[in-house]
Amino acid sequence: VAIVCSDFEGEEKKLNEEGRAGYRIAEFSSTGSRNAEAIVEKSPRNGGTFQYRLLRARLAGNLQKNLNRAAGEGFHLCPHSVSLFGGVMAAIVEKTSASTTVRHEYRVHQTMRISSAQKDLKKDKNQGFELAENLEYGSGMHLLVTEKVLDGAGEEIAARSGGRGGPPPAPLVRPVG
């Protein structure tokens with residue numbers, strides 16, 4: 001499914017049509033400064049359907065609010081879906097039709113300094129969050145998304161044991177050169 005930043009509503013509709021047919025996002029990649037592609041595959045669970053939202057924000061704090069608002073409605077961040085489209089931060093969240101009490105909480109950090117990013121990650125990790133996304137863009141700007149998985153009562157569940165699917169994000173490393 002092609003995603004073009006000029007038509008987020010239409011692209012979200014296309015993703016939801018695929019989700020209702022039992023397809024889920026298997027891979028996501030940016031294909032330019034204003035485009036991306038979501039590869040969908042049929043879910044191995046018979047009868048399982050999925051709902052998607054394309055979230056966007058100009059500020060990291062607003063992206064965090066949008067992620068947590070969607071998480072409160074049962075959505076979770078799709079792996080590797082945080083992107084930048086024409087200066088707007090975007091992310092895809094997914095909700096399964098299967099009944100679950102698992103909820104997610106997110107924090108978003110934006111910084112140019114790796115030492116600041118490492119400090120934010122350490123603080124979040126001490127509070128039960130794990131790195132979910134790491135995006136570097138522009139002239140060394142870093143956008144980090146951390147995630148905590150909670151049960152229905154708001155108690156922390158073991159950190160990211162592969163429950164989101166896909167490999168964990170690349171670690172934050174100091175650029176060479």
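For reference, positions follow the sequence shown, starting with 1. Remember, predicted model here, so these are calculated numbers, not experimental data.
Side chain of S81 to main chain of I92: a donor-acceptor pair is present (N/O by atom type, distance under 3.5 Å, no hydrogens or angles).
Across all their heavy atoms, G74 and R103 have their closest contact at CA-NH1, 3.5 Å. Residues A57 and L63 come closest through the heavy atom pair CB-N, 3.5 Å. Heavy-atom minimum distance, Y23 versus F50: O-CD1, 3.5 Å.
Among residues two or more places apart in sequence or in another chain, the side chain to side chain contact (heavy atoms under 4.5 Å, CB included) test is passed with N68 by Q64, E105, Y106. Partners of T146 by side-chain hydrogen bond (donor to acceptor under 3.5 Å, both in side chains), not counting sequence neighbours, listed by chain and number: D124. In terms of the salt bridge (Lys or Arg N to Asp or Glu O under 4.0 Å) criterion, E18 has no residue partners (sequence neighbours excluded). Under the side chain to side chain contact (heavy atoms under 4.5 Å, CB included) criterion, R113 pairs with T111, S115, S116, not counting sequence neighbours. Considering only residues two or more places apart in sequence or on other chains, K13 meets the side-chain hydrogen bond (donor to acceptor under 3.5 Å, both in side chains) condition with none of them. Applying the side chain to side chain contact (heavy atoms under 4.5 Å, CB included) test to I39 and every residue at least two apart in sequence or in another chain returns E27, E37. When the salt bridge (Lys or Arg N to Asp or Glu O under 4.0 Å) test is applied to K65, no partner is found at least two apart in sequence or on another chain. Evaluation of the side chain to side chain contact (heavy atoms under 4.5 Å, CB included) rule for M141 yields Q110, M112, Y137 as partners, not counting sequence neighbours. Listed by chain and residue number, E73 satisfy the side-chain hydrogen bond (donor to acceptor under 3.5 Å, both in side chains) test with R53 (two or more places apart in sequence, or in another chain). Residues forming a side-chain hydrogen bond (donor to acceptor under 3.5 Å, both in side chains) with R69 (at least two apart in sequence, or on another chain): N66.
Inter-residue side-chain proximity for N134 and V145 is flagged as unmet; no heavy-atom pair is nearer than 4.5 Å. Residues N16 and Q51 form a side-chain contact, since some pair of their non-hydrogen atoms from C-beta on lies under 4.5 Å apart. Considering only heavy atoms from C-beta on, V102 stays 4.5 Å or farther from L150 through its side chain.
For residues 86-97, the salt bridge (charged side-chain N to carboxylate O under 4.0 Å, His left out) pairs, not counting sequence neighbours, are R24-E94.
The CD atom of Q118 sits 13.0 Å away from atom NE2 of H109, with the distance rounded to the nearest 0.5 Å. Taken from OH in Y52 to SG in C78, the straight-line distance is 5.5 Å, to the nearest 0.5 Å. Separating the OG1 atom in T96 from the CZ atom in F75 is a distance of 11.0 Å, to the nearest 0.5 Å. Of the inter-residue distances, the one linking L135 atom CG with H80 atom NE2 reads 12.0 Å to the nearest 0.5 angstrom. Taking CD from E136 and CG from L84, the interatomic distance works out to 12.5 Å, rounded to the nearest 0.5 Å. To the nearest 0.5 Å, atoms CG (L121) and CD (E130) are separated by 9.5 Å.
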Quiz prompt | Derivation of the salt bridge (charged side-chain N to carboxylate O under 4.0 Å, His left out) call for R56 and E9 | solution = CA-CA 11 Å; R56 53 205 173 277; E9 289 79 14; 2.7 Å; yes
Exercise. Take V93 and L67 through the test side-chain contact (heavy atoms from CB on, under 4.5 Å) and record every step on the way to the result.
Key: CA-CA 8 Å; V93 292; L67 282 167; 3.8 Å; yes
Quiz item: Do E11 and K14 pass the salt bridge (charged side-chain N to carboxylate O under 4.0 Å, His left out) test, and can you show the C-alpha distance, the side-chain angles, and the key distance before you say yes or no?
Solution: CA-CA 5 Å; E11 309 307 348; K14 284 193 269 185; 2.9 Å; yes
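Under the 30°/60° scheme for interplanar angles, the aromatic rings of H76 and H104 are found to be tilted.
Summarising the local packing, NZ of K42 is surrounded by more than 12 heavy atoms from other residues, nucleotides or ligands at distances under 6.0 Å.
Side-chain contact, R107 with Q127: a donor N or O sits under 3.5 Å from an acceptor N or O.
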